[in-house]
2 protein chains.
Amino acid sequence: MNLATDTRTRIIAAAKPRFHSRSYANVGIQEICESAGVQKGSFYHFFPSKRDLVLAVIDEFADDWANGFVAEAFDPALPPMERIDYLVDAAYFWQKSIKQVHGRMLGCIFGNLTLEVSTQDDILRAKLLAIFSRAKSRFKDTLEEAVAAGTIAPLDADRTAEAMLAYLEGVILLAKSQNDPEVIYRLGPAIKTLRIEASGG
Amino acid sequence: MNLATDTRTRIIAAAKPRFHSRSYANVGIQEICESAGVQKGSFYHFFPSKRDLVLAVIDEFADDWANGFVAEAFDPALPPMERIDYLVDAAYFWQKSIKQVHGRMLGCIFGNLTLEVSTQDDILRAKLLAIFSRAKSRFKDTLEEAVAAGTIAPLDADRTAEAMLAYLEGVILLAKSQNDPEVIYRLGPAIKTLRIEASGG
DNA sequence: CTTGCATTTTACCGAACGGTCAACTAGTAT
DNA sequence: ATACTAGTTGACCGTTCGGTAAAATGCAAG
């Protein structure tokens, strides 16, 4: 059972950087198996299909984030709006370090996959949507706390949270198009200028 | 020559909706040829490679936009900031009509392709980057005009333009993840709240 | 010692991939 | 009439795709 778990783990570990740096369609199962030192038959013992693999990969990336930068950024000890700054900074430094190692800016794997597969696979789309929903909730809670603390004027926290998430994804997209993480540094802080007013009371 | 031009045109016409609704890697040349009623050998008479086809497809989409909604939106007769509203509205209505016909929100082809291929093909990335650069310039000119007219307070027009473009792409990404163009309607107008202050005078 | 189960190996499937090639057709210019 | 050229055809290349099936292996419980 230890070995088995290890095989599954190795498959996911081999798949993660590949899906991140290329695309879903462009990474083959054979390549993943070779890199993980696993036979293809073994692969299909653990994953019914390629889609199930990418589902597991998405979960791992989400966990990495949740336990890493996101946990640091949304630290209740920080003043609410500083958490948002922290998150943007984290995205910047992460992309920058990836570029230093890999030579390219890889962007956000959730955004990448969303644009590639969400018209073709509703299960994948739903999974990605759930990730974005959680992210939005973090922003929303933070905004509500900031309003309660009087740090910012009252607003529609739900919509503004969604807008901020959109902006962050858009900034990373533009940065990827320039292969330059400095775009995040340049544009990221403006996330706090986004506002959607509360409607009707 | 008329017939030849027609073949090339038919190939591009067949390719456009496919690249838009699926992805670069997921659309094969064979499928495009079948849909266009063209033999594969004929395809390679007009396009040296698949990449050259998608380059031509990108150009056509860019022309469609430039001659369509963009020309309407950035009408000098409109007050500057209303042009930005117009563009967001245009994106909304376009995505909505695509969804009505196609059943799905397809998003922005430039954003889609950027996230899919820009780590794998620098020529495609450069082409996409050029498209984004032009879009940014439109925003920038508009912002400068608005500042000159006193409609908005002075700001860093270049960076704010880039931020607005990023936001628009991000909103479309999020809308695609929900397969719901209403996201654009909901979040789009907040584009005007984005501001990056001019640095150092 | 044996049964049973999880895991692994190996060979294989049909289909699709991007791209090539030589032969052929048709129109045009000399 | 002939030569040249743009366009078209259809067969073909080797490779890779996601996925399957059966046999072999290892291990643990009865």
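Every chain is numbered from 1 and lettered A, B, ... according to where its sequence line falls, protein lines coming before strand lines.
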Grab the [atom1]-[atom2] distance between [X] and [N] for me, whole Å please.
X: B/Glu34; N: D/dG10; atom1: CD; atom2: C1'; answer: 13 Å
X: B/Lys40; N: D/dC13; atom1: NZ; atom2: P; answer: 14 Å
X: B/Ile29; N: D/dG10; atom1: CD1; atom2: C1'; answer: 17 Å
X: B/Asn26; N: D/dT16; atom1: CG; atom2: P; answer: 19 Å
X: B/Arg18; N: C/dA16; atom1: CZ; atom2: P; answer: 14 Å
X: A/Tyr24; N: D/dG18; atom1: OH; atom2: P; answer: 8 Å
X: A/Lys50; N: D/dT16; atom1: NZ; atom2: P; answer: 15 Å
X: B/Arg51; N: C/dG18; atom1: CZ; atom2: C1'; answer: 13 Å

In terms of side-chain heavy atoms of [X], which of [options] is nearest?
X: B/Phe46; options: C/dT8, C/dG18, D/dG7; answer: D/dG7
X: B/Gln39; options: D/dG19, D/dT9, D/dC17; answer: D/dT9
X: B/Ser42; options: D/dC17, D/dT8, C/dT8; answer: D/dT8
X: A/Tyr44; options: C/dT9, D/dG19, D/dT8; answer: D/dG19

Under a 4.0 Å N-O cut-off, is there an ion pair linking A/Asp75 with A/Arg83?
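So A/Asp75 does not pair with A/Arg83 through a salt bridge.
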When you compare the side chains of B/Glu116 and A/Tyr24, does any donor N or O come within less than 3.5 Å of an acceptor on the partner?
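No, no side-chain donor-acceptor pair sits under 3.5 Å.
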Can you confirm whether B/Lys16 sits close enough to B/Ile109 that some side-chain heavy atom of one is under 4.5 Å from a side-chain heavy atom of the other?
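Sidechains of B/Ile109 and B/Lys16: no contact.
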Need to verify one output field. Residue with the more 5' nearest nucleotide on DNA chain D, A/Gln30 or A/Gly41?
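Between the two, 5'-proximity favours A/Gln30.
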Contact nearer the 5' end of DNA chain D, comparing A/Pro48 with A/Glu31:
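Of the two residues, A/Glu31 wins.
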Tell me whether the side-chain N/O atoms of B/Thr7 come closer than 4.0 Å to OP1 or OP2 in D/dT8.
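The answer is yes; a side-chain N or O of B/Thr7 sits under 4.0 Å from OP1 or OP2.
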Should B/His45 be listed as having a side-chain N or O under 4.0 Å from OP1 or OP2 of D/dG7?
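Answer is yes, contact under 4.0 Å.
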Are B/Phe69 and B/Trp65 an aromatic pair by the rule of ring centers under 6.0 Å?
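Centroid distance B/Phe69-B/Trp65: below 6.0 Å, so yes.
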Test: B/Lys50 cationic atom under 6.0 Å from B/Phe43 six-membered ring centre, within 45° of axis
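The answer is no, since B/Lys50 fails at least one limit relative to B/Phe43.
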